[in-house]
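Computed from a predicted structure; not experimentally measured. Chain letters run A, B, ... following the sequence lines, proteins first and then strands; every chain starts at 1.
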There are 2 protein chains.
Amino acid sequence: MGSYEQNIFRKYIADQGLKTTLQREIILDEFLRLEHPSTEDLYQSLRSKHQNIGYATVHRALKLFAECGIATVRNFGDGAQRFEPCREDRHHDHLVCTRCGLIIEFENSQIEKLQQQVAKSHAFTVLDHRLELYGLCERCK
Amino acid sequence: MGSYEQNIFRKYIADQGLKTTLQREIILDEFLRLEHPSTEDLYQSLRSKHQNIGYATVHRALKLFAECGIATVRNFGDGAQRFEPCREDRHHDHLVCTRCGLIIEFENSQIEKLQQQVAKSHAFTVLDHRLELYGLCERCK
DNA sequence: GTATTCGTTGAAAACGAATTTCAATTACAG
DNA sequence: CTGTAATTGAAATTCGTTTTCAACGAATAC
């Protein structure tokens, strides 16, 4: 058993000659419940139930998640890296309200297609992308 | 006299009750010659001719450039903020090679239009955006 | 012009997030 | 089991960003 992400992660761990640990399992489990946690966010989120998991371990786990492809690193302009679970569903992008911090996710296949065209015209192979629209949400403007 | 960016900057400085200084003029001039400098890049770039301009001053100037709209802050995944001159208010996006670090700029008005549509459907007012495509350039793949 | 005011400067210190160090611990192959 | 090598958590370190502060300098008033 295990979720889609757990399977990918465990396979990656095995392939790299790394080790499965209870901490990593717990961190992954909690990570998948959150939206765009920074290391600090996730660490705090675990803190109540697992006082014994250290900040460094959380951060190291997040980097592994990014390496094995179940998370991507994002940066919304506050000074911290945020890690986002790449859920089985499609890639999505973000609308970020610069006033209140609201983040709305969206996806648009036409934009994705145009991106592929652009890349092709520059002989580029696209592996990943980031699209963020910054502005004011309905309530803030 | 003065470039487009100089005029905007000077007006902003005046409007805010700040002061025009020789350092700021020099920093702006050099900034406009570069592509995506980090504070460190620009500081080093000035170093040869102006040993007397400090790192903090360079960084403070860059933040002012971003505030007054002649520069935007970017983040390409190395741990440093990069400041990009907003030339001729023509927005452009980036193809980033994750292997060799090559950065190709492009623009695509169809993508921009679709972005506006997406924002509108969420009652968002877009003030700025970032689009980066990460992958391998022709030589690296 | 001169004085006064208040923003600016540069060096150094402080800050904060990311990363590394290290001794103790633990997973797991043999 | 046992030995080996990866992992852990706390603390230390690194590195980019930001702030502090005394000296300085630009703009305004006189």
**OP:** Could you state whether B:Tyr134 and B:Ile103 fall into the same hydrophobic cluster, counting links through intermediate Ile, Leu, Val, Met, Phe, Trp or Tyr residues with side-chain heavy atoms under 4.5 angstrom apart?
**Re:** yes

Original post:
Between A:His129 and A:Gln116, is a side chain to side chain donor-acceptor pair (under 3.5 Å) present by the stated rule, with each step listed?
Top reply: CA-CA 10 Å; A:His129 73 263; A:Gln116 289 300 333; over 6 Å; no

**OP:** List in chain and number order the residues that pass salt bridge (charged side-chain N to carboxylate O under 4.0 Å, His left out) with A:Asp93, two or more places apart in sequence or in another chain; answer none if no residue qualifies.
**Re:** none

Original post:
Hey, what's the ring geometry for B:His122 with A:Phe106, parallel, tilted or perpendicular (30° and 60° as the breaks)?
Top reply: tilted

Subject >> Steps toward side chain to side chain donor-acceptor pair (under 3.5 Å) verdict (A:His94, A:Glu132) >> reply: CA-CA 5 Å; A:His94 298 90; A:Glu132 281 113 38; 4.6 Å; no

**OP:** Would you mind reading off the distance between A:Leu42 atom CG and C:dA17 atom C1', rounded to a whole angstrom?
**Re:** 15 Å

Original post:
Are the charged groups of B:Arg10 and B:Glu25 less than 4.0 angstrom apart, N to O?
Top reply: yes

**OP:** For each nucleotide in nucleotides 19-30 of chain C, reading 5' to 3', give B when a protein heavy atom comes within less than 4.0 Å of its base, S when such contact involves only the sugar-phosphate, and - otherwise.
**Re:** BBB-----BS--

**OP:** Determine whether more than 12 heavy atoms belonging to other residues, nucleotides or ligands lie under 6.0 Å from atom CD of B:Glu138.
**Re:** no

Original post:
Strictly under 6.0 Å, is that where the ring centroids of B:His59 and B:Tyr43 end up?
Top reply: no

Original post:
For the pair made of CD1 in B:Ile27 and P in C:dT8, what is the distance, rounded to whole Å?
Top reply: 12 Å

**OP:** Just call it for A:Glu40: base, sugar-phosphate, or nothing, with non-hydrogen atoms closer than 4.0 Å on any strand.
**Re:** nothing

Subject >> Interatomic distance, B:Gln51 CD vs C:dT9 C1' [rounded to whole Å] >> reply: 16 Å

**OP:** Walk along DNA chain D from 5' to 3' and tell me the first and last nucleotide with an atom closer than 4.0 Å to a non-hydrogen atom of chain A.
**Re:** D:dA5 to D:dA10

